[in-house]
Structure formats: C-alpha cells, structure tokens
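In what follows, a structure is listed as structure tokens, so that the remarks can point back to it.
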Amino acid sequence: MKKSFKLFLDSLDVLDELSDEQSGQLFKAIRAYELDGSEILTGLMKAIFTPFKNNIDRAKYEYIEVCERNKANGLKGGRPN
C-alpha cells in the first residue's frame with residue numbers, strides 16, 4: 001500500500017480564493033478520496049476538487065504500472081549482478 005501521494009504546489013493557488021473553512025473542506029476531501037475513493041463535496045467545491053481528483057487518479061494508475069513492471073522484472077530474476 002502507498003504511504004504518500006503527490007500534491008503539486010501550483011495546484012494550491014486555488015487556496016488563495018477560498019476561505020479557511022473551504023480550504024479545510026478541500027483538504028479533507030483530498031484525504032478521503034486518496035484513502036478510500038469517497039467523494040464528500042458537492043456543488044462548487046466539487047468542481048474545485050475535480051483537478052485534484054484527476055491528479056490522484058493519474059498518480060494511482062502510474063503507481064500500479066510501476067508495481068506491475070517491478071513484479072514482472074522480479075519474476076525474471078531481478079537485476080543482474
């Protein structure tokens with residue numbers, strides 16, 4: 001299981017336009033989606049969350065690809081001496 005995820009600094013510019021309460025809701029939604037795939041926001045906050053969701057999904061797909069590639073390479077005997 002992964003222990004981290006990428007959060008790009010340039011995507012956080014949206015926080016300048018949100019209240020502290022909205023920023024907290026956004027971060028809790030990012031956490032919830034990363035942990036169990038649940039989407040807890042509605043309306044405008046859901047629209048703001050969508051780019052973060054897309055990045056999380058893309059990173060998960062890339063992680064799975066790397067794991068599969070490493071598994072296949074391991075079955076071949078791993079890195080030669």
With rounding to the nearest 0.5 angstrom, report the CD to CG distance, E65 to N70. 11.5 Å
Enter the distance from K46:NZ to K53:NZ here, rounded to the nearest 0.5 Å. 6.5 Å
Do Q22 and E17 make a side-chain contact, defined as non-hydrogen atoms from C-beta onward lying under 4.5 Å apart? no
Hey, are the side chains of L41 and Q25 touching, using non-hydrogen atoms and a 4.5 Å cut-off? yes
Are I64 and I56 in one and the same hydrophobic cluster, where Ile, Leu, Val, Met, Phe, Trp and Tyr link if side-chain heavy atoms are under 4.5 Å apart? no
To the nearest 0.5 Å, how far apart are CD in E34 and CG in D57? 9.0 Å
Does M45 reach the side chain of I48, with side-chain heavy atoms less than 4.5 Å apart? yes
According to a 4.5 Å side-chain heavy-atom criterion applied to Ile, Leu, Val, Met, Phe, Trp and Tyr, with indirect links allowed, do Y61 and L35 form part of one hydrophobic cluster? no
Does a side-chain heavy-atom distance below 4.5 Å link F27 with L15? yes
Within one Ile-Leu-Val-Met-Phe-Trp-Tyr cluster: F5 and L12, side-chain cutoff 4.5 Å: yes
Atom CG of D36 with >12 non-hydrogen neighbours under 6.0 angstrom: yes
Out of curiosity, I40 CD1 to I30 CD1, how far, rounded to the nearest 0.5 Å? 10.0 Å
With a 4.5 Å limit on heavy-atom distance, are the side chains of L26 and V14 in contact? yes
Do Y33 and F52 make the cut of ring centroids closer than 6.0 angstrom? no
